[in-house]
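Taking it in order: structure first as structure tokens, then the write-up.
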Amino acid sequence: MPEFRLYNSMTRTVEPFTPADGETVRMYACGPTVYNPAHLGNFRTFLFTDLLRRALSLAGYTVKQVMNLTDVDDKIIKRATDQKKMVRDVTEPVIDMFFADRDYLRIQPAEHYPRATDFIVEMVDLVRRLEKAGVAYQADDKTVYFAIDKFAGYGRLSRLDTRELKAGARVAQDDYAKENAQDFALWKAATPEDEACGAAWDSPWGRGRPGWHLECSAMAMSLLGETIDIHTGGVDLQFPHHEDEIAQSEAATGKPFARFWCHGEFLLTDGTKMAKRVGNVSTVEDLRAQRVSAAAVRHLMFSTHYRKQLNLSGAALEASIEAVRRVGDFAERLASATGGTAALAEAAEAFRVEFDAALRDDLNAPRAQAALFIFINHANAELDTRGSDMGSLAAAREAFARAVGVLDIVPEQQGVDASLEVWVEQQLAARKVARGRRDFAAADQIRKSLDEKGIVVEDTPQGARWKKVR
RNA sequence: GGCGCCGUAGCCAAGUGGUAAGGCAGGAGACUGCAAAUCUCUCAUUCGUCGGUUCGAUUCCGACCGGCGCCUCCA
């Protein structure tokens, strides 16, 4: 099996990757906090994870992926309190939306979507272990904190010098109860608001709720084991979230928490990070409204390497829409082709090799997509020669299919209802008659009226073909 | 202040110590009644700037300029 290379944020180098057991990749992906629909920036990361799991599958591995749904946290509680709702009533609709958006973008479902609120027992247990290990303490505010001083190697992932939180940095509000400003909450003492919206549970330290980082450690270890193969997330999670996950997990188990840390870069709009607070977010819903296909979005997201920032712009989106149109046309052409040539088979083989190499090379999707377009160009040229070799055609179809199985950038057919279809066929029949008597003015008039309904006609040696494009 | 990333054609974007993939847009041609689709050719002597190392640098080193991010909730 050829080497699969992946960038590991922990070592800051591209390393050969292979799952610990040689077969199944145990992967944990930080998921959404479900208080608001996820925006495209969030989805860039999820799409990166989707690409990773598909590339790993193509490489021959079984993937067992867990993505958490953070369904208790400050923002959710605030929303529930403001709307006088229970936490669950806030999160349920958002979770439904998240899955709908995920499906729209054709992101393959993970094997598990654990919710923090379903793992309270495991989390409490983890805190207990940490307390036993002497790295957790309950402060005067009744909250249980993790003492980062007791964990050697804290800051290894983010390389932040814990002693130097200096000028320029936005400084956290003083939290008097903590022994060290950077200690983080494992178990937060419940407030009346928490109780009111159902965000409080019993624990050995009194009523309370889990700290932000705790759920990931508890759920990852419960579902995937104490040492997982890959942990993914956005770059912004590197610190403090992932740093704290490492501290919690490793202080409890004494084992490495994740073998590989993989972080996806940001999606920018207008040159700055897409974020709610900046007010420059767009959502999957916006895309739907603009009738932008999932294929185009995927193409766009994969056109830049995942470790590089990507600026979302209308022009870039337009380019992807057009690029993906070409892929879709080719898909149809390949499906309806009646034969190939030796050169087609050669192009397919070259494509297969380059495509795989690109993905194995730290998920170089731009390079993989380039390979696809080179193949499409060669294949189109060969198909033009109208060869009749079925073996080479099959090879081309196979190579194309496996690439599409990873990229998934063939646009869906535009739906056409039956009545429209009947009308189109009638128009086309009339046009054929007009062309037959060389009445091109009439024929063009018909084509124009079809175009107004978003129907594009293409004349081929086998007669007219049509498709709905908008 | 600390840590880090980025700067390649009109736009998007790979890439390598040995002379610039791919996509979009553009130009010319083939095909077509005309189109569309497709094909062919074309489109950066040059990779932010200035130095250095080297036989040779876009690729390595340094400085500078410009942009972005993390250090706080955050994909």
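Chain identifiers are assigned alphabetically (A, B, ...) following the order of the sequence lines, protein sequences preceding nucleic acid strands; residue numbering begins at 1 within each chain.
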With no angle test and no hydrogens, is the base of G33(B) tied to the side chain of Arg435(A) by a donor-acceptor pair under 3.5 Å? yes
Less than 5.5 Å between centroids and less than 30° between ring planes, does Phe373(A) satisfy that with G22(B)? no
Need to verify one output field. Residue with the more 5' nearest nucleotide on RNA chain B, Thr460(A) or Ala323(A)? Ala323(A)
If the sugar-phosphate is the primed atoms plus P, OP1 and OP2 and the base is the rest, what is the B/S/- string for nucleotides 10-15 of chain B, using protein heavy atoms under 4.0 Å? ---SSS
Determine whether a donor-acceptor pair (N or O, by modelled atom type, separation under 3.5 Å) exists between the side chain of Thr460(A) and the backbone of Gln462(A). yes
A9(B) and C34(B): how far apart are their P atoms, nearest whole angstrom? 39 Å
Separation of C73(B) P from Arg79(A) CZ (nearest whole Å): 18 Å
Considering only the C1' atoms, how many Å lie between C64(B) and G7(B), rounded to the nearest integer? 14 Å
Using heavy atoms to find the nearest nucleotide of RNA chain B for Ala275(A) and His378(A) separately, return the residue whose nucleotide is more 5′. His378(A)
What's the gap between C11(B) and G4(B) when it is taken at their C1' atoms, as a whole Å value? 27 Å
Going by atom types alone, do Asn36(A) and Arg79(A) pair a side-chain donor with an acceptor below 3.5 Å? yes
When rounded to the nearest Å, what value does the distance between P atoms of U16(B) and U58(B) take? 15 Å
At less than 3.5 Å, do the side-chain atoms of Arg326(A) and the base atoms of A37(B) form a donor-acceptor pair? no
Are His242(A) and His213(A) close enough that their ring centers fall under 6.0 Å? no
Is the closest basic N to carboxylate O distance between Lys178(A) and Asp141(A) below 4.0 Å? no
For atom C1', what is the distance between U54(B) and C60(B), given to the nearest Å? 10 Å
Going by the angle between their ring planes, with limits at 30° and 60°, are Trp261(A) and His231(A) parallel, tilted or perpendicular? parallel
How far, in whole Å, is A21(B) from A14(B) if one measures between their C1' atoms? 6 Å
Name the orientation class of the two ring planes belonging to Tyr113(A) and Phe98(A) (parallel below 30°, tilted from 30 to 60°, perpendicular beyond 60°). perpendicular
